[in-house]
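Structure first, commentary second.
Letters A, B, ... are given to chains in the order of the sequence lines, protein chains preceding strands, and every chain is numbered from 1.
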There are 2 protein chains.
Amino acid sequence: MRLSTKGRYGLKAMLDLAVNGQNGHIALNSIAERQNISEHYLEQLIAVLRKAGLVESMRGAQGGYILARSPKDITVGDILRTLEGSLAPVDCVVENKEHECSQADYCVTKPIWLKVRDSINKVVDSITLQDLVDDYKEVYAQATDMYYI
Amino acid sequence: MRLSTKGRYGLKAMLDLAVNGQNGHIALNSIAERQNISEHYLEQLIAVLRKAGLVESMRGAQGGYILARSPKDITVGDILRTLEGSLAPVDCVVENKEHECSQADYCVTKPIWLKVRDSINKVVDSITLQDLVDDYKEVYAQATDMYYI
DNA sequence: TATAAAACCGAGTGCGTAGGTAGGAATTAA
DNA sequence: TTAATTCCTACCTACGCACTCGGTTTTATA
């Protein structure tokens, strides 16, 4: 039941953008360096975030990435589901695919998986990037050049 | 974030034992047949459940398995965590290992993972095998020879 | 006491996915 | 024109899941 690095790295990158991208685009290599993530690998992840409309890019010199929306309008759930797919614990309760199991009406375990899925979504959808930015600023009120996320 | 078949098969097997094991031991092959699980594979899973003290075995002819405790004293969480390990979404919030990350005090994402972990555990710990047996009996009030779990 | 039914055990296998690398093409500010 | 940067496709490797295989040991019963 672990999240892969996709979700974790992606969340780190998005938080990095929220903290550092106030005035303009941020180059991928600077994010990768600060967050200690392979640049080429992060490239693949941010491509997914871009296609999902969570970040926007600018090519060429001085290009980079920027959040597509305000941090308060991007939830942790948006980011994780974009990179990990559904957070459902079993396939039979993946969103919009619940009907696909022929035994759904008789299955006594399905309600368990639904509850687990919904409780996970509830947590991650209740936290916005802005919440994390606020936490970050509080923790690093003094040491402004630290980037542990 | 999917559960593996270990957890799902294990839960099915335990529910099968709760439903069918009222009067004595149940042979593994009958569980495997009813639940449509590879017998040899289920053997490996039930060995884990036995070592964890959730089921007891009797060897030899007419032997088999039986729940070690009353179904009302076995939760879905007990079964899933035994077979899957911690249900934590990331390693840094695996139970009793939270301290191992040197950045734990500064990490702004850790509280997210803690909330996710706790919400998952809360759901699965609130449901007992007896609850599932009751659901099962309700669904199959008429068709008593069906075994979809 | 022999037999068959069952649990117990350890090793091996195929496959998919995670987590990257490698190398280059296209774009654009300076 | 150059250098910085995104974008794209292909490839690679290790690992764990979901089994299979071939036995050994135990025990009720005929």
Side-chain angles (χ1 to χ4, degrees), chain A residues 1-13 17 20-21 23-52 54-68 80 82-86 89-91, chain B residues 1-13 17 20-21 23-52 54-68 80 82-86 89-91:
Chain A
M1 278 284 284
R2 298 288 190 283
L3 242 38
S4 72
T5 58
K6 292 178 189 173
R8 290 189 286 119
Y9 288 0
L11 180 57
K12 279 178 147 203
L17 275 178
N20 300 301
N23 8 293
H25 292 76
I26 303 286
L28 188 76
N29 63 26
S30 70
I31 302 176
E33 195 175 342
R34 273 192 297 272
Q35 303 306 329
N36 199 31
I37 301 172
S38 151
E39 187 181 336
H40 269 72
Y41 186 46
L42 185 55
E43 202 176 295
Q44 295 170 41
L45 305 185
I46 210 157
V48 177
L49 294 169
R50 180 174 51 78
K51 286 166 190 163
L54 290 175
V55 300
E56 288 169 359
S57 66
M58 194 169 81
R59 301 182 70 168
Q62 308 309 309
Y65 295 91
I66 194 172
L67 295 181
L80 294 183
T82 294
L83 290 163
E84 300 271 345
S86 170
V90 310
D91 284 338
Chain B
M1 279 284 282
R2 298 287 190 285
L3 243 41
S4 72
T5 58
K6 292 178 191 175
R8 290 188 287 120
Y9 288 0
L11 181 57
K12 280 176 146 204
L17 275 178
N20 300 300
N23 8 293
H25 293 75
I26 303 285
L28 188 76
N29 62 25
S30 69
I31 302 176
E33 195 174 343
R34 272 192 298 272
Q35 303 306 329
N36 198 31
I37 300 171
S38 150
E39 186 180 337
H40 269 73
Y41 185 48
L42 184 56
E43 202 177 295
Q44 293 169 41
L45 305 184
I46 210 159
V48 178
L49 293 170
R50 179 173 52 81
K51 285 166 190 163
L54 291 175
V55 300
E56 288 168 359
S57 66
M58 193 169 82
R59 302 184 69 168
Q62 309 308 311
Y65 294 93
I66 195 173
L67 294 182
L80 294 183
T82 295
L83 289 164
E84 300 272 344
S86 169
V90 310
D91 284 339

Pairs under 3.5 angstrom only: tabulate donor-acceptor contacts from the side chains of residues 58-66 of chain B to other protein residues two or more places apart or in another chain.
none

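Nucleotide D:dT26 holds its C1' atom 17 Å from the CD atom of B:E56, rounded to whole Å. Note: CD1 (B:I66) to C1' (C:dA7) measures 15 Å, nearest angstrom. The distance between atom OH of A:Y65 and atom P of D:dA4, rounded to the nearest whole Å, is 17 Å. Following rounding to the nearest Å, B:E43 (CD) and C:dA11 (C1') show an atom-to-atom distance of 14 Å. Computed from coordinates, the B:R2 CZ to C:dA18 P distance equals 11 Å when rounded to whole Å. Rounding to whole angstrom units, CD1 of residue B:I46 and P of C:dC9 are separated by 13 Å.
In this structure, the side chains of B:L42 and B:Q35 stay at 4.5 Å or more apart for every pair of heavy atoms. Residues B:M1 and A:L80 fail the side-chain proximity criterion, which asks for heavy atoms closer than 4.5 Å.
Counting non-hydrogen atoms of neighbouring residues, nucleotides and ligands closer than 6.0 angstrom, the CG atom of B:N36 reaches no more than 12 such neighbours. Atom CD of A:E39 sits in a crowded spot, with more than 12 heavy atoms from other residues, nucleotides or ligands closer than 6.0 Å.
Nearest nucleotide to the side chain of B:K51, out of C:dC9, D:dT6, D:dC8: C:dC9.
Interatomic distance, CG of A:L17 versus CG of A:L28, reported as 9.0 Å (0.5 Å rounding). Taking CD from B:E84 and CZ from B:R2, the interatomic distance works out to 12.5 Å, rounded to the nearest 0.5 Å. Within the model, atoms CD1 of A:I37 and CG of A:L45 stand 7.5 Å from one another, a figure rounded to the nearest 0.5 Å.
Remark: A:S38 engages no residue in a side-chain hydrogen bond (donor to acceptor under 3.5 Å, both in side chains) (not counting sequence neighbours).
The two residues A:G10 and A:L83 have their closest heavy-atom pair at CA-CD1, 3.5 Å.
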Detail all sub-3.5 Å separations between protein N/O atoms and N/O atoms belonging to nucleotides 26-30 of chain C.
from   : atom 1 : to    : atom 2 : distance (Å)
C:dA26 : N3     : A:R59 : NH2    : 3.2
C:dT27 : O2     : A:G60 : N      : 3.4
C:dT28 : O2     : A:A61 : N      : 3.3
C:dA29 : O4'    : A:A61 : O      : 3.3

Short N/O separations, protein against nucleotides 19-21 of chain C, under 3.5 angstrom:
from   : atom 1 : to    : atom 2 : distance (Å)
C:dG19 : OP2    : A:T5  : N      : 2.8
C:dG19 : OP2    : A:T5  : OG1    : 2.8
C:dG19 : O5'    : A:T5  : OG1    : 3.3
C:dG20 : OP2    : A:Y9  : OH     : 3.1
C:dT21 : OP2    : A:S38 : OG     : 3.0
C:dT21 : O4     : A:Q44 : NE2    : 2.6

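Near DNA chain C, defined here as any heavy-atom distance below 4.0 Å, there are no residues from residues 23-33 of chain A.
Listed pair B:R50 / C:dC9 meets the phosphate criterion, a side-chain N or O lying under 4.0 Å from OP1 or OP2.
Applying the side chain to side chain donor-acceptor pair (under 3.5 Å) test to every pair with at least one member in residues 40-50 of chain B, sequence neighbours left out, gives these pairs: B:T5-B:Y41.
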